[in-house]
Amino acid sequence: MKLSLLLSLVLPVAIAWSTPGHAANPEHVTQLLETKQCEGCDLSNADLVGVDLREANLRGANLTGANLEAANLCNADLSETNLEKATLINANLFEANLSGVNLKQGQLANANLSFINLSRSDLNGANLSQANLGMANLSDGNLSYTDLRGANLIGANLSGVSWEAANLTDAHLDPASINEANGLATGETSAVEVTERDRARVR
């Protein structure tokens with residue numbers, strides 16, 4: 001009797017510990033890979049490393065914790081998506097639409113974010129070190145506590161951006177961008193002239 005009672009208490013706990021975290025809906029993953037159309041899909045924690053998602057429609061999708069390292073998302077629509085803690089290291093998001101996205105604690109080191117639309121997006125705590133944000137639209141976004149070391153921000157729209165505790169060491173910003181930034185003092189970063197190397201990074 002005592003053994004039965006003990007098992008009834010222990011087994012549910014053991015099962016709970018062995019149950020994996022929430023995974024992506026496999027049908028949604030298949031749909032995305034086959035059609036590149038997955039508006040509002042559940043793709044949380046999906047393994048999408050290196051996939052070709054050019055011009056994909058992912059508007060409003062749940063991509064929390066998804067791994068999109070080195071993925072090609074050029075011209076994709078990811079507006080209003082949840083990308084919290086997602087990995088986008090070395091990803092190509094040239095001219096992608098990420099307006100209004102949640103990118104808190106996202107990993108975007110060395111990503112190509114040139115000409116991207118990140119207006120109204122929350123990047124609190126994200127890693128954007130060495131990322132190319134040339135000509136990006138970051139207006140009214142939250143870049144608090146972001147790591148922007150060595151990032152290229154030449155020509156970016158920084159109007160209304162929140163910068164609290166952002167790390168801008170060796171970041172590239174032109175004077176026009178600095179004047180637009182909300183609460184960003186020139187002394188907080190190394191403002192440099194646009195060089196041929198910087199122009200090349202924007203393209």
Side-chain angles (χ1 to χ4, degrees), residues 10-114 116-133 136-138 141-149 151 162 165-167:
V10 172
L11 281 176
V13 176
I15 292 170
W17 283 347
S18 63
T19 301
H22 179 71
N25 184 323
E27 293 182 1
H28 290 180
V29 174
T30 299
Q31 176 184 331
L32 173 64
L33 296 177
E34 291 181 351
T35 69
K36 294 187 180 180
Q37 300 293 318
C38 216
E39 187 170 344
C41 286
D42 181 6
L43 300 164
S44 53
N45 298 307
D47 183 359
L48 299 166
V49 175
V51 297
D52 182 1
L53 294 172
R54 284 173 291 181
E55 301 182 355
N57 177 14
L58 286 158
R59 183 180 178 87
N62 179 11
L63 286 151
T64 306
N67 190 349
L68 289 148
E69 183 173 354
N72 188 351
L73 290 153
C74 179
N75 293 112
D77 184 358
L78 291 99
S79 55
E80 309 298 334
T81 60
N82 187 351
L83 283 156
E84 185 169 358
K85 297 182 179 179
T87 299
L88 290 149
I89 297 169
N90 293 317
N92 180 13
L93 291 113
F94 177 78
E95 288 192 335
N97 181 7
L98 275 79
S99 59
V101 304
N102 175 10
L103 261 167
K104 291 180 181 177
Q105 300 180 54
Q107 299 299 313
L108 298 105
N110 206 43
N112 180 11
L113 307 170
S114 55
I116 195 173
N117 181 3
L118 274 165
S119 59
R120 302 179 293 102
S121 295
D122 189 351
L123 291 101
N124 189 302
N127 179 5
L128 294 152
S129 58
Q130 301 298 323
N132 182 8
L133 287 148
N137 180 6
L138 295 159
N142 181 11
L143 288 168
S144 301
Y145 300 94
T146 54
D147 182 354
L148 285 155
R149 289 174 297 173
S162 299
N167 187 345

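- Note that CG of L148 and OG1 of T146 are 4.0 Å apart. Values are rounded to the nearest 0.5 Å.
- In this structure D42 satisfies the salt bridge (Lys or Arg N to Asp or Glu O under 4.0 Å) test with no other residue, sequence neighbours excluded.
- Taking CG from D52 and NZ from K36, the interatomic distance works out to 4.0 Å, rounded to the nearest 0.5 Å.
- Atom-to-atom distance recorded for S119:OG and N97:CG is 7.0 Å, nearest 0.5 angstrom.
- Using a cutoff of 4.0 Å between basic side-chain nitrogens and carboxylate oxygens, E80 and R120 are scored as salt-bridged.
- Smallest separation of non-hydrogen atoms from L48 and A71: O-CB, 3.9 Å.
- Contacts of D47 classified as side-chain hydrogen bond (donor to acceptor under 3.5 Å, both in side chains), with partners at least two apart in sequence or in another chain: none.
- S129 pairs by the side-chain hydrogen bond (donor to acceptor under 3.5 Å, both in side chains) definition with N127, not counting sequence neighbours.
- Donor-acceptor pairing under 3.5 Å is lacking for the side chains of Q130 and N110.
- Between N167 atom CG and D147 atom CG the span is 5.5 Å, to the nearest 0.5 Å.
- Considering only heavy atoms from C-beta on, S121 stays 4.5 Å or farther from L103 through its side chain.
- Residues passing the side chain to side chain contact (heavy atoms under 4.5 Å, CB included) test with A96 are L93, L98, I116, sequence neighbours excluded.
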- Query: For L118 and L133, what are the C-alpha separation, side-chain angles and deciding distance, and is it a side chain to side chain contact (heavy atoms under 4.5 Å, CB included)?
  - Reply: CA-CA 10 Å; L118 274 165; L133 287 148; 4.1 Å; yes
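- Identified under the disulfide (SG to SG under 2.5 Å) test for residues 35-66, with sequence neighbours left out: C38-C41.
- Atom CG in L58 sits 5.0 Å away from atom CG in L32 (nearest 0.5 Å).
- When the side chain to side chain contact (heavy atoms under 4.5 Å, CB included) test is applied to E39, the partners found at least two apart in sequence or on another chain are N57, R59.
- Residues passing the side chain to side chain contact (heavy atoms under 4.5 Å, CB included) test with N102 are N82, E84, K104, sequence neighbours excluded.
- Residues satisfying the side-chain hydrogen bond (donor to acceptor under 3.5 Å, both in side chains) criterion with Q105, sequence neighbours excluded, are absent altogether.
- Remark: the backbone N or O of Q37 is paired with a side-chain donor or acceptor of Q31 at under 3.5 angstrom.
- Contacts of N142 classified as side-chain hydrogen bond (donor to acceptor under 3.5 Å, both in side chains), with partners at least two apart in sequence or in another chain: D122, S144.
- With sequence neighbours excluded, the residues that form a side chain to side chain contact (heavy atoms under 4.5 Å, CB included) with A111 are L108, L113.
- To the nearest 0.5 Å, atoms CG (L53) and CG (L33) are separated by 7.0 Å.
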